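Just so it is clear, the model here is predicted, and its values are computed rather than measured. Just follow the structure's listing: the first ligand is 1, and inside any ligand the first atom is 1. We're numbering straight along the sequence, starting at 1.
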Amino acid sequence: MADYRDRIKVSDTAATKYNSRKPGKHLAEIRLVERALRDLDGISTVLDAPCGTGRFSILMAQEGYVTTGVDLGDAALAQAENNCKSAGVTDVTLEKGDLEQLPYAVSSFDMVFCFRMFHHFPDAVVRERVVGELCRVARKYVLISYFDPRAITSIKRRLQRRFFGKKSKQNATSLQEVEGYFRKHDFELTGNLARVPILHTIRLATFECAEQIG
Ligand SMILES: C[S@@+](CC[C@H](N)C(=O)[O-])C[C@H]1O[C@@H](n2cnc3c(N)ncnc32)[C@H](O)[C@@H]1O
C-alpha cells in the first residue's frame, strides 16, 4: 500500500487536528480558491476530491454549485458532515471513495477540485493514475493544487534532507510534470495561481478539457 495513505484521516484525532488548522492559513487558501473560481464558467456540478473535513465542499455549496465530497477517511467524512451542518449547508453529498478509483461515471461533474493532496503522492505512477481518474469524471475543468519546487519552503525542505537527512512526506512537482499528466487526457493548462509566489509552495492550477475550449 502506497505510503501516502498514512495521511488518510482514519482516526478522529487526525481528522480533528486537520480540522483545527491555523485560521490565517485556512483563510488564505480559501481566498486562493475563490480567485481561481472567478475565471471559470458553465459550471453547475462539482466534485471535491478529497473533501477532508469539508471546508471546500462548504465553499462550493455556498458558491451555488451542486456539490459532492469524496474521501477515503471515515473520520474526515464524519467531521465534514458536522462541519456542513454547522455552516448551515445541507445539500452536500458526502461519499466514501478512493481517488485512485473514483466511483463515478465519465464526465459526471462539470468541475473536479483536488486540493492539498497531489503533493502527498509518492511517485509518478500514483500521480498519473489519480490525474487519469480526475480527468475521467470531469466534463470541463480540473482544479488541482501542487507544490512548486522553486518556492523557498521547497528549497528549505531539500536542503534539510540533504544536510540533516530530514525526510519530508511532501513532494514538490514542476508545473511541466503536472501538465504532462493532464496532456495525456487532453486537458490544457488555463490558469496557475500562487498564494504568495516564491514564498509559499502551494500552487493552484486550472486545467480545461480541450474539447470544451471554445
Ligand atoms: C490533507 S487532506 C485535504 C483535504 C481537503 N482537500 C482540504 O484541503 O481541506 C487529505 C485528505 O485526503 C484523504 N485521502 C488520502 N488518500 C486518499 C485517497 N486515495 N482517496 C480518497 N481520499 C484520500 C484523507 O483522508 C484526507 O482527508
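The heavy atom nearest to atom 25 (O) of ligand 1, considering only V33, T53, D71, is found in D71.
Residue pairs that meet the salt bridge (charged side-chain N to carboxylate O under 4.0 Å, His left out) test with at least one member in residues 190-202, sequence neighbours left out, do not exist here. Pairs engaging residues 59-70 under the side chain to side chain donor-acceptor pair (under 3.5 Å) rule: none recorded [sequence neighbours left out].
Distances below 4.0 Å separate heavy atoms of A76 from the following atoms of ligand 1: 27 (O). Shown in contact with G97 at under 4.0 Å from a heavy atom are these atoms of ligand 1, numbered in order with element: 20 (N), 21 (C). Interface of D98 with ligand 1, defined as ligand atoms under 4.0 Å from a residue heavy atom, comprises 18 (C), 19 (N), 20 (N).
Using the six-membered ring where Trp is involved, F118 and F121 have ring planes that are perpendicular, over 60° apart on the 30 and 60° scheme. The aromatic rings of F109 and Y104 sit perpendicular to each other, their planes meeting at more than 60°, with 30° as the lower class boundary.
Ligand 1 has an N or O atom lying under 3.5 Å from an N or O atom of L72, backbone or side chain. The shortest N/O to N/O separation between L99 and ligand 1 falls below 3.5 Å.
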* Evaluation steps, side chain to side chain contact (heavy atoms under 4.5 Å, CB included), between D98 and E133 -> CA-CA 10 Å; D98 188 342; E133 280 298 273; over 6 Å; no
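Contact analysis leaves E100 out of contact with ligand 1, as no non-hydrogen atom separation drops below 4.0 angstrom. At a 4.0 Å cut-off, not a single heavy atom of A49 sits close enough to ligand 1 to count as contact.
In terms of heavy atoms, A36 sits closest to L204 at CB-CD2, 3.6 Å.
Both the backbone and the side chain of P50 come within 4.0 Å of ligand 1, counting heavy atoms alone.
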